[in-house]
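Everything on this sheet refers to the single structure shown next.
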Amino acid sequence: MTDITIQSVPDFLERVFTNKEEGFYHGVADLRVMFRGQANLEWCPLPAAFRTREDFLKEHFYIREYERLMPDKCAGKSGMDILIDAQHYGIPTRLLDITSNALVALFFACGESRSGNESEEERLADGVVIQYAPAPVFMYYDPVFSVYAEYVRRYKDGIHFSDSWKDSLIDDVRNSDGRFSCNAASAVESLMSDRVWPFFILPKYSNDRIASQQGAFLLYTTPLVKKKGSGCRDGVFMFPDEVQYEFEKQINFRYVIPAEVKKDILVQLDSIGVNEARLFPDVEHRAKSIVSTIRKARHMGRVVG
């Protein structure tokens, strides 16, 4: 992983194109480069359900309660669609928001660091754009993702997974969509692997925000360690902090955005149509964008009528 300091939009684009590997899209291998923008360089790029042991252990409770309390949001949807919607509404999941658009990631990297209890120094922290290594990108309906969605919704119990549940999970995946009938068993094997599997997911553009941000997701997993002679609980998933070094291997470059140039870069992005109104196409954000655009213009010393 290499850190590179960025001073402007042209500087950023030059660096990104210089550092690309196998191109942004490799026609033969079907590899793509994905990005994530964070307003604080120190934030760990992990999905919400993987940031603490407590949330990792309660991941399934969050999803089950979401489905129980908001059945109208879940009716007729696949397990993966439900996870994506829950992520959109702020439920901790194992999905991390990423984008195929480097400039979208840069916009988010130039925001203020707001977690609710940050100090002034943290609020004005350096931002970062993460460039992931080229990797395969799968569609949201791939059977592997159905496996993880059904596991979280129906079979997750702390960190344990029993071999005796395997056939039931295969049946659930097979019955979730006829296209998966030939692949359900092999897909379940991926869940029971002792490796860390990073998966890039291209979702349905089910809401305007995902579409505007050219959004995608990184699905995080942890290895299943088999326990011999442990009775009905045959495997234990490792906690995310035990394999965090494996997650970091997915990152090729980090483009560091110094706090003092964030406002200038936002003005540059606004001039080419990358702004809050474009990325958050609802009335509230469009109205906020009017105010922020005028303020940024004043910051650059322009006259606004």
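Residue indices begin at 1 and follow the sequence shown. Since this is a predicted model, take the numbers as computed values, not measurements.
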message = I'd like to check the salt bridge (Lys or Arg N to Asp or Glu O under 4.0 Å) partners of Asp167; sequence neighbours left out, ordered by chain and number.
response = none
For Asp97, salt bridge (Lys or Arg N to Asp or Glu O under 4.0 Å) partners two or more places apart = none
key: Summary of salt bridge (charged side-chain N to carboxylate O under 4.0 Å, His left out) pairs that have at least one residue in residues 183-199, sequence neighbours excluded   = Lys166-Glu189
key: Those residues that, when tested against Ile4, pass side chain to side chain contact (heavy atoms under 4.5 Å, CB included) (two or more places apart)   = Thr2, Ile6, Arg15, Asn19, Phe253, Tyr255
key: For Ala109, side chain to side chain contact (heavy atoms under 4.5 Å, CB included) partners two or more places apart   = Val129, Ile257
task = Not counting sequence neighbours, which residues clear salt bridge (Lys or Arg N to Asp or Glu O under 4.0 Å) with Asp81? List them please.
result = Lys204
remark   = Sorted by chain and number, sequence neighbours left out, salt bridge (Lys or Arg N to Asp or Glu O under 4.0 Å) with Arg36 holds for none
task = Would you mind reporting whether Leu191 and Leu224 have side-chain heavy atoms less than 4.5 Å apart?
result = no
message = Could you work out, with side chain to side chain contact (heavy atoms under 4.5 Å, CB included) as the rule, every residue matching Ala86, not counting sequence neighbours?
response = Ile63, Tyr66, Ile91, Thr93
task = Could I get the full list of side chain to side chain contact (heavy atoms under 4.5 Å, CB included) partners for Thr18, not counting sequence neighbours?
result = Glu14
ask   = Which residues satisfy the side chain to side chain donor-acceptor pair (under 3.5 Å) test with Glu246, sequence neighbours excluded?
value = Lys249
request  = Under the ring pair (Phe, Tyr, Trp, His ring centres under 6.0 Å) rule, collect the residues that match up with Phe200, sequence neighbours excluded.
outcome  = Tyr132
Partners meeting ring pair (Phe, Tyr, Trp, His ring centres under 6.0 Å) with Phe61 (sequence neighbours left out) = none
